[in-house]
Amino acid sequence: MALIACQGASFGYEGNRAVTGLNFTVQNGDYLCVVGENGSGKSTLIKGLLRLKNPIEGSVLMGDGLKPAEIGYLPQQTAAQKDFPASAYEVVLSGRLSARGILPFYSRKDKAVVNENMERLDIEPLRTRCYRELSGGQQQRVLLARALCATKKALLLDEPVAGLDPVVTQELYRLIEKINKETGITIIMVSHDVLCAVKYASHILHLKNKQEFFGTTAGYLKSTVGKAFVGGERND
Amino acid sequence: MINTLMEMWQQPFIIRAVVVGVLVSLCAALLGVGLVLKRYSMIGDGLSHVGFGTLAVAMAFNLAPLQISIPVTMLAAFLLLRISESSKIKGDAAIALISASSLALGVMLISITTGLNTDVCNYMFGSLLTLNKDDLVLSVILAIVVFTLFVLTYNKIFAVTFDETFARATGVKTSLYNMLIAFLTAITIVLGMRMMGAMLISALIIFPALTSMRLCKSFRAVTICSAAVSVVCFFIGANTSFIGIQVRQGHGYITRSLPTGATIVASNLIAFLVFSLINAIKEKIRE
């Protein structure tokens, strides 16, 4: 069974439909990139997948025993975090919260998972550093480690490279690819950057307030909508 | 001076005042960290005005002030969060709306009933020494409840404060914890009003957190540091207020005692300035 399956789903705010007619499936180990212009419903879809928002119509099914709370989520940064006094370790540790349930304190196992993920992302040296004093790329790695702590199966990344410089952006893309290949964790990523999307992703979902395209990356590059969008970017 | 202090510390009403003061300072400082970081600093101010309004009502009808004030202020905290989450009135405007209305109601009730007597002034500007035994018992119980709940939900409060969206996505009931923070704040404020006064209680919540954020780099350090700063500042402020200052009158000097709330705020302000200075020096050295 598919990990996530959208069947005729629509999402929106206060009766306005932000995105409609979603029919797609995500299999275990896929790397799906959600592309589209600003306001095309990408962020709304993310909220829907996380069950922060119920579909107006249709349904979102999760298979393989995946619970919405077990999706590792990397949200866009908020302004409040820019001056938040927290060590990198504390931020990553908060990713284990879903595994805690109502228990108040973290266990030894939680801490082991945190250490493992910090090592995997090469942020062990940043452990006691203050989150607000890290560079943009380091902050994203910390948040990625936190997301990894929350999941064994799927990561949902909302514009992970927004505001990063080109070198750091490429590093982060390679890191995400490595996580996908080595651990088999499914990646769903929302991105502006269609060129990198087609470079790394196995599947593409193109939104324009409705589903314009869903399929493999190779199929997307041959489709009319894909040719127009990728081509348009190249001419910029 | 030492003798005066020694003598004072043997008085039961001073001991009562110090026990309540330490507990309230501790709770206020712990909750303050989250409130400041969540940009909810003004909630403390708003709720203290609500607390004052309800105290006025309680006094007008000869009811027990704390027992009426705590539930009503908790209700106001609930409303404030609901309004700022869901409606079109933004958070700060909602606070101004509710706090000004309840202050106005309180002042009106006071002038038609008791008038501005000492009791009212005590609640406006604080008086630590008028606490009776019942106040003490209630304050100690509630302060322990606030402290225990804070420790047990510490990790969740961190997650909800740092990143509400992520916390919600991982299945934390964020509105429940926001509500809990508001409730605990409401209790702390009403307890603290007796000592600090409605006008100054919000300082007890905001100052220690801001002070420790000058120097501390992690959430845990900020929390522990602000608890310590708050208790130390309370001791310094309270003792200064007990001793008072010597004022020249005619040919001699007389001792005037200072209002407790104001001296505690003043010592918090000094702590804040000292921490800011240390931070500035540290940054200079690093350059």
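By convention in this document, chain letters (A, B, ...) are assigned in the order of the sequence lines, proteins followed by strands, and residues within each chain are numbered from 1. Atoms considered below: every heavy atom in the structure, side chains included; atoms not considered: hydrogens, waters and symmetry mates.
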Quick one: closest heavy-atom pair of [X] and [Y], and the distance?
X	Y	result
A/L164	A/T169	O-OG1, 3.4 Å
B/L204	B/A28	O-CB, 3.8 Å
A/E171	A/R141	OE1-NH2, 3.6 Å
A/Y106	A/D110	CA-OD2, 3.5 Å

Residues in residues 214-226 of chain B near chain A [non-hydrogen atoms, under 4.5 Å] | B/C216, B/K217, B/S218, B/F219, B/R220, B/V222

Which residues in residues 264-284 of chain B have a heavy atom less than 4.5 Å from any heavy atom of chain A?
-> none

With a 4.5 angstrom heavy-atom cut-off, could you sort out which part of [X] is near chain B: side chain, backbone, both or neither?
X	result
A/Y89	neither
A/L52	both
A/A86	both
A/L74	neither

Ionic contact status for [Y] with [X], cut-off 4.0 Å:
X	Y	answer
A/D158	A/K42	no
A/E57	A/R17	yes
A/R120	A/E182	no

Please answer whether the main-chain N or O of [Y] pairs with a side-chain N or O of [X] as donor and acceptor at a distance below 3.5 Å.
X	Y	answer
A/N180	A/I176	no
B/T153	B/K156	no
B/N155	A/P104	yes

Which one of A/R132, A/E133, A/K47 has the most heavy-atom pairs closer than 4.5 Å to chain B?
->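 Among the listed options, the one with the most contacts to chain B is A/E133.
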
Between B/A169, B/S212, B/G171, which shows the greatest number of heavy-atom pairs under 4.5 Å with chain A?
-> B/A169

What orientation do A/Y173 and A/Y200 show, parallel under 30°, tilted 30 to 60°, or perpendicular over 60°?
-> parallel

